[in-house]
K.L.:
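Here it is, the structure in full.
Counting starts at 1 for both ligands and their atoms, following the listed order.
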Amino acid sequence: MMDLLRSTQSIIKSALQKLGYSNDMYELLKEPLRIITVRIPVRMDDGTVKIFTGYRSQHNDAVGPTKGGVRFHPEVNEDEVKALSIWMSLKCGITDLPYGGGKGGIICDPRNMSFGELERLSRGYVRAISQIVGPTKDIPAPDVYTNSQIMAWMMDEYSRLREFDSPGFITGKPIVLGGSQGRETATARGVTICIEEAISKKGMNLKDARIIIQGFGNAGGFLAKFMYDAGAKVVGISDAHGALYDSDGLDINYLLERRDSFGTVTNLFTNIISNKELLEKECDILVPAAISNQITVENAHLIKASIVVEAANGPTTIEATKVLDKREILLVPDILASAGGVTVSYFEWVQNNQGYYWSEDEIDKKLRKVIVDSFDTIYQTSQKHKVNMRLAAYMVGIRKSAEASHFRGWI
Ligand code: NAD
């Protein structure tokens, strides 16, 4: 299995070739323009000082300021941060936002840190990267194990450093500090819209559809609720502990009420199956919304769904994508399906800049238009160039960075 950076680069190469760009353009876009490594000393609660390593990667700022989340995780590494910043360029290109891609990360385990330690780490990170970020340079956001409280501390630190209030420095903030309505549900809303579009392409009806969702956290949980409320039959869900399947449909409200804050609920049941078994169960739509590398060459030929919508990042390997293609399963790729989050982050930044705030209804309408248009452009591109939706998404996603770099005279 290729690692994330290598596989991203290989698809970008194919996408640029299809678009008729020279190899020079690939050489420019295959790596971030800028990545910094920072060392952050943090006074721990026991009085000792621990030095944390963090990164901030800016893939390409030809289109506009870079944008992307900051993750706190023990497995953060430089290559992953680089690849994820390239993905952000692709997502912003797909959704036609005026940004390039950025990403940050700190090697740490927030599950074993106190509130005070996390606050000092968050503020230290902002001080360490403050020269290269800002509302018109590079705008961070939440990602794995970071949340609105961490965004609030980071925004406060940046505002103290610059000596003026800077809500547009970061998105995913609490509403009272300039956060946007609809940010929490944005990813699941985006996935929902992609499912509706994919279903209509296949001539199916959402009310008759049976759906399996792997992962019952922020993305999977809200998605299950939206699908259930729309009258679809959610026949399977899962979490890190196991999976539940019922061909008559699960009671999603009941499960959501009992879910814990880590997105776990299946531990309360005895009739559970494994995540592996769940992916191979009867359904029309399969949504991996948990972790990467879940659909591989080992199980791609066993999947019963006719539509796979990737809410998680990288749930299907390159090799498995080929198997799904051959079987004519419609795959809506991650960089499209999970673009709802960055889109509403953009709306948050726009609202911060204009100082005028929209209602949840307005946000939902604006988000729907962006995702429907993006889906349509990618679907048309895939038909026109006779390529799968993943390659089409990369073609649409990378085109803006390539065109902007060209107009600026860089290539
Ligand atoms: P989360 O932490 O809220 O929930 C993760 C869920 O996955 C939990 O139910 C957990 O139990 C389950 N899980 C963990 N390990 C598992 C395993 N080995 N097998 C099966 N299930 C497992 O995370 P989230 O925010 O819902 O993110 C889920 C995926 O969606 C990730 O790949 C993330 O990168 C992607 N994503 C999320 C957002 C967002 O805004 N939340 C945006 C873009 C992409």
K.L.:
Can you see whether F226 has R189 sitting over its ring - NZ or CZ less than 6.0 Å from the centre and within 45° of the normal?
P.N.:
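Yes, cation above the ring, under 6.0 Å and within 45°.
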K.L.:
Between Y357 and N352, do the side chains contain an N or O donor and an N or O acceptor separated by less than 3.5 Å?
P.N.:
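Side-chain D/A pair, Y357 to N352: present.
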K.L.:
When you compare the side chains of Y145 and R111, does any donor N or O come within less than 3.5 Å of an acceptor on the partner?
P.N.:
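R111 and Y145 do have a side-chain donor-acceptor pair below 3.5 Å.
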K.L.:
What protein heavy atom sits nearest atom 27 (O) of ligand 1, and how far away is it?
P.N.:
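Answer, as residue, atom name and distance: A219 CB, 4.4 Å.
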K.L.:
Just going by heavy-atom distances, which of A289, A240, G242 is nearest to atom 16 (C) of ligand 1?
P.N.:
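Comparing heavy atoms across A289, A240, G242, the nearest one to atom 16 (C) of ligand 1 lies in A240.
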K.L.:
Considering both backbone and side-chain atoms of G217, is one of its nitrogen or oxygen atoms within less than 3.5 Å of a nitrogen or oxygen in ligand 1?
P.N.:
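For ligand 1, there is an N or O atom that lies under 3.5 Å from one belonging to G217.
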K.L.:
Got the closest protein heavy atom to atom 39 (C) of ligand 1, with its distance?
P.N.:
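Here the nearest protein heavy atom works out to T187 OG1, 3.3 Å.
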K.L.:
Could you tell me the separation between the CG atom of L250 and the CZ atom of F216, rounded to the nearest 0.5 Å?
P.N.:
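L250 atom CG to F216 atom CZ measures 8.5 Å (nearest 0.5 Å).
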K.L.:
Does the protein place any heavy atom closer than 4.0 Å to atom 2 (O) of ligand 1?
P.N.:
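Protein heavy atom within 4.0 Å of atom 2 (O) of ligand 1: absent.
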K.L.:
Tell me, which protein residue and heavy-atom name are nearest atom 18 (N) of ligand 1, and how many Å apart are they?
P.N.:
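Nearest protein contact, heavy atoms only, for atom 18 (N) of ligand 1 is I291 CD1, 3.1 Å.
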K.L.:
Of the side chain and backbone of A311, name the one, both, or neither that has a heavy atom under 4.0 Å from an atom of ligand 1.
P.N.:
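For A311, the contact with ligand 1 is made by the backbone alone.
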K.L.:
Check this for me - ligand 1, K91, N or O atoms closer than 3.5 angstrom, yes or no?
P.N.:
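No, there is no polar N/O contact under 3.5 Å.
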K.L.:
Under a 4.0 Å heavy-atom limit, does N218 contact ligand 1 with its side chain, its backbone, both, or neither?
P.N.:
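Near ligand 1, N218 shows its backbone as well as its side chain.
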K.L.:
Does a donor on one side chain sit under 3.5 Å from an acceptor on the other, for T146 and R71?
P.N.:
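Per modelled atom types, T146 and R71 side chains form no pair under 3.5 Å.
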K.L.:
Using a 3.5 Å cut-off on N or O atoms only, is G220 in polar contact with ligand 1?
P.N.:
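There is no such contact.
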K.L.:
Looking only at side-chain N and O atoms, does S338 offer a donor or acceptor that is under 3.5 Å from a partner on K91?
P.N.:
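Checked: K91/S338 side chains pair up, N/O donor to acceptor below 3.5 Å.
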K.L.:
Please state which protein non-hydrogen atom is closest to atom 29 (C) of ligand 1 and give its distance, to 0.1 Å?
P.N.:
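The closest one turns out to be A290 O, 3.3 Å.
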K.L.:
Atom 43 (C) of ligand 1: which protein heavy atom is closest, and how many Å away?
P.N.:
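I find the closest protein heavy atom is S338 CB, 3.7 Å.
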K.L.:
Report yes or no: is the cationic atom of R390 (NZ for Lys, CZ for Arg) under 6.0 Å from the centre of the six-membered ring of Y394, at an angle within 45° of the ring normal?
P.N.:
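Verdict for Y394: no cation-pi partner in R390.
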K.L.:
Looking at G263, which atoms of ligand 1 are within less than 4.0 Å of one of its heavy atoms?
P.N.:
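Reading through ligand 1 atom by atom, the close ones are 8 (C), 9 (O), 11 (O).
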K.L.:
If we only count N/O pairs under 3.5 Å, is R71 in contact with ligand 1?
P.N.:
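No, no N or O pair falls under 3.5 Å.
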K.L.:
What residues form a side chain to side chain donor-acceptor pair (under 3.5 Å) with T377, not counting sequence neighbours?
P.N.:
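If we apply the side chain to side chain donor-acceptor pair (under 3.5 Å) test to T377, skipping adjacent residues, there are no hits.
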K.L.:
Could a heavy atom of G341 be found less than 4.0 Å from some atom of ligand 1?
P.N.:
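No heavy atom of G341 comes that close to ligand 1.
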K.L.:
Using the side-chain contact (heavy atoms from CB on, under 4.5 Å) definition, which of the options K50, R120, E117 pairs with R43?
P.N.:
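Checked K50, R120, E117 against R43; only one passes side-chain contact (heavy atoms from CB on, under 4.5 Å): R120.
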K.L.:
Touching ligand 1 at all, Y145? Heavy atoms, strictly under 4.0 Å?
P.N.:
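False for this residue.
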K.L.:
Under 4.0 Å, heavy-atom basis, I'd like to know which part of N275 is in contact with ligand 1: side chain, backbone, both or neither.
P.N.:
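Near ligand 1, N275 shows its side chain, while the N, CA, C and O stay back.
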K.L.:
How many angstroms lie between CE in M389 and SG in C194, if you round to the nearest 0.5 Å?
P.N.:
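Rounded to the nearest 0.5 Å, the CE-SG separation comes to 7.5 Å.
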K.L.:
Looking at W358, is its backbone amide N or carbonyl O close enough to the side chain of Q351 to form a donor-acceptor pair, meaning the two atoms are under 3.5 Å apart?
P.N.:
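Checking the backbone N and O of W358 against the side chain of Q351, a donor-acceptor pair under 3.5 Å is found.
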K.L.:
Verify whether one side chain among S89 and H59 offers a donor that lies under 3.5 Å from an acceptor in the other.
P.N.:
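There is such a pair (donor and acceptor under 3.5 Å, judged by atom type) between the side chains of S89 and H59.
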K.L.:
Find all atoms of ligand 1 within a distance of less than 4.0 Å from any non-hydrogen atom belonging to A312, and give their numbers and elements.
P.N.:
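Going through ligand 1 atom by atom, the ones under 4.0 Å from A312 are 29 (C), 30 (O), 32 (O), 35 (C).
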K.L.:
May I ask you to identify the nearest protein heavy atom to atom 33 (C) of ligand 1, giving residue, atom name and distance to one decimal place in Å?
P.N.:
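Going atom by atom, the protein heavy atom closest to atom 33 (C) of ligand 1 ends up being N313 ND2, 4.2 Å.
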